[in-house]
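Since the structure comes first, as C-alpha cells, the remarks are kept for the end.
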Amino acid sequence: MAPLPVIKHLLRLPNVHLLQRVGHKAAAAFGVQLDKSIPVVHGDLDKLPPNIKNFVLEKQELCQPSAIHICDGSEAENKKMLAEMVSDGEIKKLTKYENCWYARTDPRDVARVESKTVIITENERDTIPKPKEGVQGTLGHWMSPPDLDVALKDRFPGCMKGRTMYVIPFSMGPVGGTISKYGVQLTDSKYVVASTRIMTRITPRVFDLINNGDFVKCLHSVGCPKPLKRELVSNWPCNPDKVLVTHIPAKNEIISFGSGYGGNSLLGKKCFALRIGSTIARREGWLAEHMLILGITNPEGRKKYIAAAFPSACGKTNLAMMEPTLPGWKVECVGDDIAWMKFDSEGRLRAINPENGFFGVAPGTSEKTNPNALKACMSNTVFTNVAETSDGGVYWEGMEDPPKDVTITSWLNEPWTLDSKKPAAHPNSRFCAPARQCPTIDPDWEKFDGVPIDAIVFGGRRPKGVPLVYESFNWQHGVFIGAAMRSEATAAAEHKSKVIMHDPFAMRPFFGYNFGRYLAHWLSMNKSGRHMPKVFHVNWFRKNDAGKFMWPGFGENSRVLEWIFKRTDSKDHSFSSESAIGLLPSQDSISLQGLNEAVDMEGLFHLPREFWLEEVDAIRKYFDEQVNDDLPQEVAKELTNLEARVKKM
Ligand code: GTP
Ligand code: SPV
Ligand code: MN
C-alpha cells in the first residue's frame, strides 16, 4: 500500500487514462483548465486548435510547470533561450565558431536506453512476436496500458515544478509536404528545444496544418523538479534511475521521462519518425525506416537515389555525405538517418528525409573521412559530450592531431592529453547541425513528394565472412537479407561489449510493432506495376587476421556505389555472378583505379563455407526463438534456400 499522503496527492490528479478515453470535449467538461498560477509567458494558448489546447492543459495540470512557453521557432526566441542556458551553466558558447554551443551531460545520460524503451498495446503480441517457450524476447519491450498508468503516476505528477513547459509545434518533413506529418512536443528542457529547432521544422504554421485534426502528441520531462533533490552533474538535469521512453501507437502518443539525451528526448527522431512512424506507415501502406538517402550522379550526368539502412554508428552519416574518390562521380545528401518512403501513383518508390538536421556521431569525423559533416557543423551547431579546446573549439578521437598550443578538457571535464587513459570525447558524442549547411545537400532534399529510390542497401559491422557487397536475387530475397542482418554492438545505446547482435533492417531498437508483421508489410510492397528497387548488402568493416579493416571505406565506398548504380541499370546479370548468398560483382566490375593502397579483393569477397553454415544456423535460431510463429513463410523459405545453396558450396 502507498502511504496516505501519496494517495491524497494522486486523487488531485486528472485520471489521464480516463480523460483520453472519453475524448477532449469531455475532458474540458471535466474541468481541466489552466492553473491560474501558471503564466503563459510566450504565445497565446487560446489561439491554439482546441485539441492541442486541451493536450497542453491536461499535461500542465499533471506536470505543474511554473510557466508555459509556446514556441514560434524564431531566431529571437532561440537566442534568448541559449543566453538563459549559458547563464544557468547548462551550455557554453564555442567562441572559435559561429553560433556554436557545447553541452556536457551527466555521465549517466549519454545514449539511448533500449532497456527502458517500451511500446504500449493491449496485446503484447501486437508489439513483439511471442518468443519460443523459455526464451527472452529481444525484439522490443512491451508494457500494458495499466502498467503504463502506474509508471506515469510514479513519474509525472509535479515533475516540471520550477521549470517552464515549452510547447513545440513541429513538422517531420517539409512543412505542407505530401508525406510530412506533424507533432507537438511538450518539454521542460531548453536543450531539447534548441536541438529540436535544428532537427525538425518548428513553426506555428503546424498548428494551422493540424487544424484540430491528427497530430503526434509528445510529452518529455527530464524528471528534475525544483527544488532539486540532488546536486546536478555538469548542470545537466536528468533522472537516470527513472528513465522511461514510452510509445502508444493507438493514440499516436509518446511520453518520455528522465533523459535529456538524443533519441530519448528529441522525440521527433526515433520515437516519432521510426516507432510511431512505422505503425502509421503500416496502416497507410508505406515505410518508415532507419535509412540514409543519397543522390548519386555518374560522369555522364545521370542521377539515381539510394536508401541505405545500417545500424546506429555504422556509417549512415558518412555514406550520405561522402566525397567520391572515383573521378566524375557526385554524391549528394538527402538525409543521414531516417527515410519515409511511399510508392507513388506511377509505382515509383519515393522517399523524404523527415528530419531537418543531423545528430551525428562526432568521433571519427575528420577532414579525411567526412569533410562535409565538418563543414556542416562549423556554425549554428550544438555539440554534446565532445572535448573542448582552450581556444573555444571542439576535439574528438579521429578528428585530426590534437591542435597545438591549446589545452584540451575532456567530456568528463578533466584535463586531457594524448597520454590520458580515457577518451577525450564520449564514443557517442554528437554534433547537432542544420542539414542545409551540408555543402553537398541535394537540391531536391525538401521536395514535397520525395526523391525516387532505385536501390535499397543493407549493411552492418561484420568483421568476418561477409563480403564487401552482394545483391539479392529478388525482392523477397532482399527482405530476407534485411531480416537476417547482424552487426557489432556500438556505443549508440547502452550495450557494452562488441558482440555481434541481430539487428534486422537496422530497426531492432526502433520497431513500433511486431517484427513478423513488419516483414509481412515489407513483402506486401511488391505489387505488379511497381518498379521495385534492387536490394543490396554491403560491409565496409571486414577485418583481416591482424584485426585491420580490409577496405579503406569512406570516399572509396564510391567504388561500391558505382557497381550498385550499374546493377540498377541492368535487366540481366551483367557485372555480376551468382553465389550461394546472392549476386557478387563479376571479376573487375568494381573499379580499383587510383586506389592508394593495395586491397585484397579476393579476401574481401571470399565466402568461407564454415562461416556461412554457422551464419545460417544463427539466423535459423534467431527466427525460431525470436520471431517464432510470426515469421512469414516466404522469409522462412528464403532461409531454407540459402542453407541448401551454402551446403553445396
Ligand atoms: P547513427 O547516427 O548512430 O545512426 O550512426 P550512423 O550510422 O550515421 O554512423 P556514422 O556515419 O556516424 O559512423 C559511425 C562511425 O563509423 C564513425 O566513427 C565513422 O568514422 C565510422 N565509419 C563510417 N563509415 C566508415 C567506413 O566506411 N569505414 C570505416 N572503417 N569506418 C567508418
Ligand atoms: C541512433 O542511435 O541511431 C541515432 C542517435 O541516430 S539517437 O538520436 O540517439 O537515436
Ligand atoms: Mn540513427
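As the structure lists them, so they are numbered: ligands from 1, and atoms in each ligand from 1.
More than 12 heavy-atom neighbours from other residues, nucleotides or ligands sit within 6.0 angstrom of NZ on Lys464. Within 6.0 Å of the NZ atom in Lys543, the count of heavy atoms belonging to other residues, nucleotides or ligands exceeds 12.
In terms of polar-atom proximity, defined here as any N/O pair under 3.5 Å, Pro552 makes no such contact with ligand 1. Among the atoms of Phe510, none of the N or O lies under 3.5 angstrom from an N or O of ligand 2. Considering backbone and side-chain atoms together, Lys270 places no N or O closer than 3.5 Å to any N or O of ligand 1. Between Asp336 and ligand 1, a contact under 3.5 Å exists for no N or O pair. Residue Thr365 has no N or O atom closer than 3.5 Å to an N or O atom of ligand 1. For ligand 1, the polar-atom distance check finds no N/O of Gly360 at less than 3.5 Å from any of the ligand's N/O atoms. Any N or O atom pair closer than 3.5 Å counts here, and Phe541 shares no such pair with ligand 1. Considering backbone and side-chain N/O atoms, His290 comes within less than 3.5 Å of an N/O atom of ligand 2. Backbone and side-chain nitrogen or oxygen atoms of Ala313 are examined, and one is located within less than 3.5 angstrom of a nitrogen or oxygen of ligand 1. Looking at ligand 1, you'll find an N or O of Pro363 within less than 3.5 Å of one of its N or O atoms.
Annotation: atom 9 (O) of ligand 2 to nearest protein heavy atom, Gly263 N, 2.9 Å. The shortest contact between atom 19 (C) of ligand 1 and any protein heavy atom is with Asn318 ND2, 3.6 Å.
Under 4.0 angstrom from ligand 1, the non-hydrogen atoms of Phe554 come from both its backbone and its side chain. When heavy-atom distances to ligand 2 are checked against a 4.0 Å cut-off, Asp337 comes that close only through its side chain, counted from C-beta outward. Proximity of Glu556 to ligand 1, defined as any heavy-atom pair under 4.0 Å, is not found for any part of the residue. Within the 4.0 Å heavy-atom criterion, neither part of Glu397 lies near ligand 1. Residue Asp337 touches ligand 1 through its side chain alone, judged by heavy-atom distances below 4.0 Å.
A pairwise comparison of heavy atoms in Ala307 and Met341 identifies CB-SD, 4.1 Å as the closest pair.
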Problem set entry | CA sep, side-chain torsions, deciding dist, call: Tyr191, Thr384, side-chain hydrogen bond (donor to acceptor under 3.5 Å, both in side chains) | CA-CA 10 Å; Tyr191 168 89; Thr384 305; 2.6 Å; yes
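Residue Lys270 holds the heavy atom nearest to atom 1 (C) of ligand 2 of all those in Met199, Lys270, Arg430, Glu114.
The aromatic rings of Tyr97 and Phe383 lie tilted to each other, with the angle between the two planes from 30° to 60°.
In this structure, Cys71 SG and Ile168 CD1 are separated by 5.0 Å, a value rounded to the nearest 0.5 Å. Atom CZ of Phe505 is separated from atom CD1 of Ile481 by 10.0 Å, given to the nearest 0.5 angstrom.
The closest approach between a heavy atom of Thr369 and any atom of ligand 1 is not below 4.0 Å. In this structure, Ala320 does not count as a contact residue of ligand 1, since none of its heavy atoms falls inside 4.0 Å of the ligand.
Distances below 4.0 Å separate heavy atoms of Ser312 from the following atoms of ligand 2: 1 (C), 2 (O), 3 (O). Within ligand 1, counting atoms from 1 as listed, the ones closer than 4.0 Å to a heavy atom of Gly364 are 18 (O), 20 (O). Residue-ligand proximity, Lys269 to ligand 2, at heavy-atom distances under 4.0 Å covers atoms 6 (O), 8 (O). Residue-ligand proximity, Gly262 to ligand 2, at heavy-atom distances under 4.0 Å covers atoms 8 (O), 9 (O). Close contacts of ligand 1 with Thr317, meaning ligand atoms under 4.0 Å from a residue heavy atom, involve 6 (P), 8 (O), 11 (O), 12 (O). Of all atoms in ligand 2, listed by their number and element, those nearer than 4.0 Å to a heavy atom of Ala492 are 2 (O).
Taking 4.5 Å as the limit, some side-chain heavy atom of Trp411 sits within range of a side-chain heavy atom of Pro107. Counting only heavy atoms from C-beta outward, the side chains of His426 and Thr105 never approach each other to under 4.5 Å. When side chains are defined from C-beta on, Val334 counts as touching Trp445, because their heavy atoms get closer than 4.5 Å. Residues Lys217 and Asn252 form no side-chain contact, since every pair of their non-hydrogen atoms from C-beta on lies 4.5 Å or further apart.
Thr568 and Asp454 share no side-chain donor-acceptor pair at under 3.5 Å. With 3.5 Å as the limit, one finds a donor-acceptor pair spanning the side chains of Thr317 and Asp336.
Judged by distance alone, the side chain of Arg155 and the main-chain N or O of Gly258 form no donor-acceptor pair under 3.5 Å.
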Only distances under 3.5 Å count here; give the side-chain donor-acceptor pairs of residues 318-331 to other protein atoms, sequence neighbours excluded, each with its distance to 0.1 Å.
| residue | atom | partner | partner atom | Å |
| --- | --- | --- | --- | --- |
| Glu323 | OE2 | Asn372 | ND2 | 2.8 |
| Thr325 | OG1 | Gly555 | O | 3.4 |
| Thr325 | OG1 | Glu556 | OE1 | 2.6 |

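Shown here are the protein N/O/S atoms lying under 2.8 Å from the Mn ion (ligand 3), water excluded: Lys270 NZ, His290 NE2, Asp337 OD1.
Ion pairing between Glu90 and Lys190 fails under the 4.0 Å rule for side-chain N and carboxylate O. A salt bridge links Arg104 with Glu388: the closest approach of a Lys/Arg side-chain nitrogen to an acidic carboxylate oxygen falls below 4.0 angstrom.
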